[in-house]
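Heads up, the thing below is written out as structure tokens.
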Amino acid sequence: MLTTLDNTMKENIVHALEKARQTNQSVIVSTVREVDAINPLHFYATAEKLNIGERFFWSSPSEHFTLVGVGNELILENEDNDERFQKIESQWREYPKRLIAAKHEIGTGPLLFGGFSFDPIKEKDLLWETFSEAKFVLPTKMLTVRQNKTYLTINKLITPFDDSGTCLQHFESSNENIEKYKYNLDCEKGNEFASIELKTAEWVEAVQQATDDIKANQLDKVVLAREVHLEFSETINPYHVIGRLQTEQPTSFIFCFENGPKQFIGATPERLVKKQENQVLSTCLAGSINRGSNKQEDEMLGNKLLHDEKNLLEHHIVVKMIREALEYCCNDLNVPTNPILLKTKNIQHLYTPVRGLAKDGYSLLDMVAKLHPTPALGGYPKQKAVEKIRELEPMHRGWYAAPIGWFDHEDNGEFVVAIRSGLIEDNKAALFAGCGIVSESDPETEYLETKMKLKPMMSALGGKEYEGC
Ligand SMILES: C=C(O[C@H]1C=CC=C(C(=O)O)[C@@H]1O)C(=O)O
Ligand SMILES: [Mg+2]
């Protein structure tokens, strides 16, 4: 039975077990192998049948990087208000880690994937009841596609009480034939939705109130979101949703986090912060306009956005805050003076990339804690804006607009903000979209902006674009 693991691997695993026993401390062991190419979504879909636990999906647009995790080898979670970021990190650091691989490719080996809620103070509602304020998982199996190479990581938390036979057996599957994960994925068929629930009037009123409060100098900016509840005639297939997002939103980060029977799915264009060794990249994304129906109209709209005072204000508030937050943890900060355009299928945004070098002692999660929520999701000043959202918003955000992403044992990783997203269960979906409100905001225009922001998920759910939401 235990013949396919090579000797070095076996020795390493047995060694880790001895160490766990000697120190009375569990050790995380990861084996990584390059495997034949496979569509990561096939791996995600087929893994459901393995019955080894929940899954996650992540793909980032810039470097053709995809992660698919299956099973919860370790779950780190907490319900803390102030220390939730630091607690996840310190718990992760407690575990000694042993990587068994020819070479460490970033995005392989021991890493955590997960996310945070937007506002841990706001009492949970029914929809988000099962989502912790912070939850991260070390997957049992993980597929990584990076620069056209495919890797399979197998993780195990080896405790002092494990026996070597079981441990070795666990890693046997690293030799499995990846072909078995092929899946018949037909993303063409769309779902028809049967009913829809909106709280439009309440939201428009909240926007009006917010602009009045901003004019009265209570704060500079606040982001207000609304939710749309959809009920479909059939169970929603999350693989189809992810598949369509991949096709339709190639410039966005696609994520899916499975939590019991619910899947939190989205295609966000907004990176919060990425760290690779000491290089840090954050992006300011705020200010929006629709796409044109032809190239000429599209360029005209893009130009309009680049010169629109209200949108530039929305954007500059974000740049200012991100600069302040990162100055604290980075050296050599580079912040371009003017934004450029970032275009997704349905929207054009103002975009400013911010680069820097992490100061010693500052981790990726320190930066996430410092940045969240940026004024693209919260407002300015931060604390005042979060309180205003609590007071005015007719919904509970849960994990919407909050950081979601991954980080590894060497503090490389990336977090995005979970916008253009929805929570799916059986035949139901709750979708979320928000807008940056400043003194010049007009409630009706902001409402139309949320409609535009709902389109990517609407289209991925239905296979076609819907009006009316
Ligand atoms: C809060 C959302 O978008 C933010 C990100 C980009 C542009 C935004 C805006 O122009 O209002 C929002 O700040 C959302 O999509 O739900
Ligand atoms: Mg806006």
Side-chain angles (χ1 to χ4, degrees), residues 118-119 203 206-207 210-211 214 220-228 245 249 251-253 255 264-272 282-291 301-302 304-306 308-322 339-353 371-380 382 385-386 388-389 393 395 397-404 416-423 430-458 469:
F118 181 82
D119 177 8
W203 188 79
V207 173
T211 49
I214 293 166
D220 296 339
K221 175 181 177 180
V222 62
V223 176
L224 290 180
R226 66 186 183 98
E227 67 184 340
V228 175
L245 288 175
Q249 306 296 332
T251 52
S252 291
F253 295 82
F255 62 85
F264 182 45
I265 302 184
T268 174
E270 186 146 6
R271 172 191 292 110
L272 182 64
S282 177
T283 46
C284 313
L285 197 84
S288 316
I289 205 161
N290 55 314
R291 298 292 309 259
L301 287 165
K304 189 173 163 200
L305 180 64
L306 283 167
D308 181 72
E309 266 181 42
K310 181 253 173 190
N311 277 287
L312 283 169
L313 175 63
E314 251 183 275
H315 187 78
H316 281 141
I317 292 175
V318 178
V319 179
K320 181 170 168 271
M321 181 271 181
I322 291 187
I340 53 172
L341 294 173
L342 185 136
K343 296 180 191 238
T344 69
K345 181 170 180 268
N346 315 90
I347 314 177
Q348 321 195 37
H349 288 299
L350 295 175
Y351 169 86
T352 303
L371 288 166
H372 176 70
T374 76
L377 298 316
Y380 197 85
K382 191 177 187 167
V386 172
K388 198 49 84 189
I389 292 168
E393 211 169 62
M395 61 175 271
R397 290 192 177 194
W399 279 30
Y400 157 74
I404 189 164
V416 294
V417 284
I419 52 174
R420 318 291 147 84
S421 55
L423 190 58
L431 309 185
F432 316 96
C435 287
I437 310 301
V438 289
S439 60
E440 280 179 53
S441 283
D442 161 50
E444 190 54 30
T445 315
E446 298 296 356
Y447 173 71
L448 294 176
E449 193 173 305
T450 57
K451 276 182 78 164
M452 197 159 68
K453 287 166 172 167
L454 288 168
K455 271 189 179 173
M457 279 302 291
M458 283 286 191
C469 297

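Read the numbers this way: they start at 1 and go in the same order the structure lists the ligands and their atoms.
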TODO: Using only N, O or S atoms, tell me which atom of E314 is closest to the Mg ion (ligand 2).
DONE: OE2
Proximal ligand 1 atoms for [X], defined as those under 4.0 Å from one of its heavy atoms:
{"X": "I419", "value": "2 (C), 3 (O), 5 (C), 14 (C), 15 (O), 16 (O)"}
{"X": "A433", "value": "16 (O)"}
{"X": "H349", "value": "6 (C), 7 (C)"}
{"X": "S288", "value": "7 (C), 8 (C), 9 (C), 10 (O)"}
{"X": "Y400", "value": "1 (C), 2 (C), 14 (C), 16 (O)"}
{"X": "E270", "value": "5 (C), 6 (C)"}
{"X": "R420", "value": "3 (O), 5 (C), 6 (C), 14 (C), 15 (O)"}
{"X": "G287", "value": "7 (C), 9 (C), 10 (O)"}

Between [X] and [Y] (side chain of the first, backbone of the second, donor and acceptor by atom type, cut-off under 3.5 Å), is there such a pair?
{"X": "E227", "Y": "M395", "result": "no"}
{"X": "R397", "Y": "D119", "result": "no"}
{"X": "K453", "Y": "G434", "result": "yes"}
{"X": "K221", "Y": "P375", "result": "yes"}

- [ ] Please state whether the rings of Y447 and W203 are parallel, tilted or perpendicular, taking 30° and 60° as the class boundaries.
- [x] tilted
Open item on the list: If we only consider heavy atoms of E449, is any one of them less than 4.0 Å away from an atom in ligand 1?
Closed with: yes
Task: Residue, atom name and distance, where the atom is the protein heavy atom closest to atom 6 (C) of ligand 1 - done: L285 O, 3.4 Å
- [ ] Please report which non-hydrogen protein atom sits nearest to atom 8 (C) of ligand 1, along with the residue it belongs to and the distance in Å to one decimal place.
- [x] K453 NZ, 3.2 Å
Taking all atoms of both residues into account, what is the closest heavy-atom pair of [X] and [Y], and its distance?
{"X": "A376", "Y": "E270", "answer": "CB-OE2, 3.3 Å"}
{"X": "F118", "Y": "A401", "answer": "CD1-O, 3.5 Å"}
{"X": "P339", "Y": "H315", "answer": "CB-NE2, 3.5 Å"}

TODO: Please assess F264 against F255 for the test ring pair (Phe, Tyr, Trp, His ring centres under 6.0 Å), listing each intermediate value before the final yes or no.
DONE: CA-CA 8 Å; F264 182 45; F255 62 85; 5.4 Å; yes
Open item on the list: I'd like the name of whichever of A225, A376, P269 reaches closest to atom 13 (O) of ligand 1 through any heavy atom.
Closed with: A376
So is there a nitrogen or oxygen of [X] less than 3.5 Å from a nitrogen or oxygen in ligand 1?
{"X": "G434", "answer": "yes"}
{"X": "V223", "answer": "no"}
{"X": "E314", "answer": "yes"}

Task: Short side-chain donor-acceptor distance under 3.5 Å, R420 and T268 - done: no
- [ ] For the residue pair K345 and Q249, confirm or rule out a side-chain donor-acceptor distance under 3.5 Å.
- [x] no
Task: Whether E449 has an N, O or S atom under 2.8 Å from the Mg ion (ligand 2) - done: yes
